[in-house]
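Contents: one structure, followed by commentary.
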Amino acid sequence: MALLVQKYGGSSVGTLEKIRNVANRVAKEQAKGTGLVVVVSAMQGETDRLLNLVQQITQRPSEREVDALVSTGEQVSAALLAITLESMGIKARSMSGSQMRIETDGHFSRARIKRVDQKAFQSALDAGEVVVATGFQGVDSQGNVTTLGRGGSDTSAVALAAALEADECEIYTDVLGVFTADPRICTTAKKLDEICFEEMMEMASQGSKVLQIRSVELAMNHNVPIRVRSTFSEDRGTLVHNEEDALERLVVRGISHNMNEVKFTMRGLPYGEGAPSKIFGALAEAQINVDVIVQNAPSENNIDLSFTLDQSDRYKAEDVLKVVLADAQGANTEIDENIGK
Ligand code: ADP
Ligand code: ASP
Ligand code: MG
């Protein structure tokens, strides 16, 4: 039996009417006799709403509790879609990260998937049920709920497609496919019919959020073709696949941007004492990704160092820097938020 993994993003399940539209698409595919695992994101705006509630309490919450909270968004949409499918006479079963035994490491809010237990799905698929899987979440070896980073449902979908050896992983979203630039900002951007994994990784790493970068990495490692397409159209979208299978090659594939960076500038760091390596070592240990780095030439035995990282890591990075810079006398740190690149 052909097996397909479909993932529907937040904008595709934003209202009950949209969930019904998704259910109709699923029903159409199921009628062809395809086995289906449908991964859903939280309803549009829900993850932000939950994170905002936390911010109203504290800037430095327990990461375990934040994951426990934000993972609920996906559970709501999975259950609502399963209920909608059943109301249409289609057998469906919602499954959470722990029910699917999606095992991750213990890094809350940025966990990496270690294993997916294929057996967890078997009974549902054998019974002809549509599995409606919560995206974005897993469980660590201690049984704690973890989440995979913003946009992580893409990665959940690819991980399931790889584990179940699905023929393709379809990522349904609110644009027709992958464009040469964000079509919401650049109206002349062109939709690509196909793009290879490496080029897609490059675009995702430079800020194009149509696919989470980890999902592309995982798809490349397991050779899972991804089709990015719209929930609201019959267009075939964009196939993201292996380079050898790509038909055409362009010199420039696309342009990406990211408006969610924060810039740290450290002035007056002592020269020759390995301050940059201490700083980047400590940030790496805290699992914080640093993006653009600029260091100036030393003057009077001091250096200035600037780097950017994702806005969501701002407070964690500040805490790390306080510890690292505790004995760098005379050094001071400036922070610029919401900068673009
Ligand atoms: P979902 O909720 O379905 O996961 P996202 O908002 O995460 O959707 O991703 C889809 C959005 O990605 C589009 O609405 C679009 O604005 C944006 N985007 C950024 N760069 C690109 C690109 N190169 N091609 C297509 N969409 C892009
Ligand atoms: N709901 C999560 C987010 O908003 C995961 C996802 O949508 O992929 O980031
Ligand atoms: Mg997304």
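Atoms within a ligand are numbered from 1 in the order they appear, just like the ligands themselves.
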Item to complete: Between M43, K209, R150, flag the one that comes closest to atom 3 (C) of ligand 2 by a heavy atom.
Response: R150
Worksheet item: Taking the minimum heavy-atom distance to atom 27 (C) of ligand 1, which of T180, V210, I185 ranks first?
Response: V210
Practice prompt. State if G151 counts as touching ligand 2 under the rule of any non-hydrogen atom under 4.0 Å.
Written response: yes
Worksheet entry | Interfacing atoms of ligand 1 (cut-off 4.0 Å, heavy-atom, M203) | 23 (N)
Fill in: Pairing of D193 and K191 as salt bridge, 4.0 angstrom limit
yes
Fill in: Closest to atom 25 (C) of ligand 1 (judged by heavy-atom distance), picking from C186, G177, S208
G177
Item to complete: For ligand 2, indicate whether the residue E74 contacts it via side chain, backbone, both or neither (heavy-atom separation under 4.0 Å).
Response: side chain
Discussion item. Taking 4.0 Å as the limit for heavy-atom contacts, which would you say applies to V175 with ligand 1: side chain only, backbone only, both, or neither?
Written reply: side chain
Worksheet item: Taking distance alone, with no angle check, do D182 and ligand 1 share an N/O pair under 3.5 Å?
Response: yes
Fill in: Residues E234, R25: salt bridge by 4.0 Å N-O rule
yes
Item to complete: Using a strict 4.0 Å cut-off to heavy atoms of P183, name the atoms of ligand 1 that fall inside it.
Response: 24 (N), 25 (C), 26 (N), 27 (C)
Fill in: Residue selection (non-hydrogen contact nearest atom 4 (O) of ligand 1) among Q212, K7, K209
K7
